[in-house]
Amino acid sequence: MPDDQPSGAPADQPTDSPADRPATAGRADAPSPEQPAEVAVVPEALASTLPRVVLTYCTQCRWLLRAAWYTQELLTTFHREIGEVALRPGNGGVFTVEADGQVVWDRKVEGGFPEITVLKRRIRDVVAPDKPLGHSDGL
């Protein structure tokens, strides 16, 4: 066994101490190859001034996945125009979407669920009237 190897440690394993490792190794805030070093995030102060979208869904009807999918679509389309999308559990067959305090979709009034293009247009009309929606505008 070599002299620099601690007793009991296998000869084929490195024996570096925490002091020998790079300063960022193992830190939660250190960038990793899977994670970019800089992520564009809307500052919290700005996000609080942007409109809020709330989707209220019926837990009894198990509409969480539908609400989550709409949320994903809205966050993708309006990532700069809205500060938050919230999911609010409800019951009794409720499914509503509010943008900046205005109801833009109510399942009971409208008679069902919105097509995503329709929902995006209604959200856009409240939060960013001048934003083009590409192919969704022509439908």
Side-chain angles (χ1 to χ4, degrees):
M1 182 179 327
D3 289 8
D4 62 339
Q5 196 71 11
S7 68
D12 61 341
Q13 289 186 349
T15 59
D16 62 335
S17 69
D20 297 332
R21 291 185 211 124
T24 59
R27 285 196 354 228
D29 61 340
S32 68
E34 302 85 33
Q35 178 181 23
E38 293 184 34
V39 177
V41 177
V42 176
E44 191 172 333
L46 177 60
S48 66
T49 64
L50 294 172
R52 181 176 196 242
V53 175
V54 179
L55 287 88
T56 305
Y57 64 95
C58 180
T59 57
Q60 296 167 318
C61 300
R62 303 203 182 270
W63 288 336
L64 173 60
L65 286 177
R66 182 184 303 261
W69 178 72
Y70 283 125
T71 298
Q72 175 184 320
E73 288 290 318
L74 295 174
L75 285 169
T76 300
T77 301
F78 301 105
H79 61 277
R80 290 187 179 103
E81 292 81 15
I82 57 178
E84 174 182 11
V85 177
L87 295 173
R88 180 185 298 151
N91 55 40
V94 66
F95 193 90
T96 60
V97 181
E98 301 169 40
D100 209 18
Q102 299 177 41
V103 176
V104 297
W105 190 270
D106 185 334
R107 188 192 68 80
K108 291 181 180 178
V109 172
E110 306 279 347
F113 296 98
E115 291 292 325
I116 192 61
T117 53
V118 172
L119 183 59
K120 286 180 180 183
R121 281 196 307 259
R122 291 189 182 185
I123 297 288
R124 184 268 319 266
D125 291 347
V126 173
V127 303
D130 297 329
K131 180 180 178 69
L133 292 177
H135 69 279
S136 296
D137 277 328
L139 300 175

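The shown structure was predicted, so the numbers you read here are calculated from the model rather than taken from an experiment.
- The two residues D125 and P129 come nearest to each other via the heavy atoms O-CG, 3.6 Å.
- K108 is linked by a salt bridge (Lys or Arg N to Asp or Glu O under 4.0 Å) to nothing, counting only residues two or more places apart in sequence or in another chain.
- Of the candidates L119, V118, I123, R121 forms a side chain to side chain contact (heavy atoms under 4.5 Å, CB included) with just one, namely V118.
- Looking at every heavy atom in both residues, L50 comes nearest to G83 through CB-N, 3.3 Å.
- A distance-only check finds a donor-acceptor pair linking the side chain of Y70 to the backbone of P114 [under 3.5 Å].
- Considering only residues two or more places apart in sequence or on other chains, A86 meets the side chain to side chain contact (heavy atoms under 4.5 Å, CB included) condition with R52, V54, E84.
- For R107, the side chain to side chain donor-acceptor pair (under 3.5 Å) test picks out no residue, with sequence neighbours left out.
- With sequence neighbours excluded, no residue forms a side chain to side chain donor-acceptor pair (under 3.5 Å) with E115.
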Residues 88-105, side-chain donor-acceptor partners within the protein, below 3.5 Å, at least two apart:
from, atom 1, to, atom 2, distance (Å)
W105, NE1, G112, O, 2.9

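- Listed by chain and number, the residues in a salt bridge (Lys or Arg N to Asp or Glu O under 4.0 Å) with R66 amount to none (sequence neighbours excluded).
- How far OG1 of T76 is from CD1 of I116: 9.5 Å, rounded to the nearest 0.5 Å.
- Side-chain contact between L75 and I82: present, with at least one pair of heavy atoms (C-beta onward) separated by less than 4.5 Å.
- Put simply, NZ on K120 and CG on L133 are 7.5 Å apart, with the number rounded to the nearest 0.5 Å.
- Taking NE2 from H79 and CG from L74, the interatomic distance works out to 13.0 Å, rounded to the nearest 0.5 Å.
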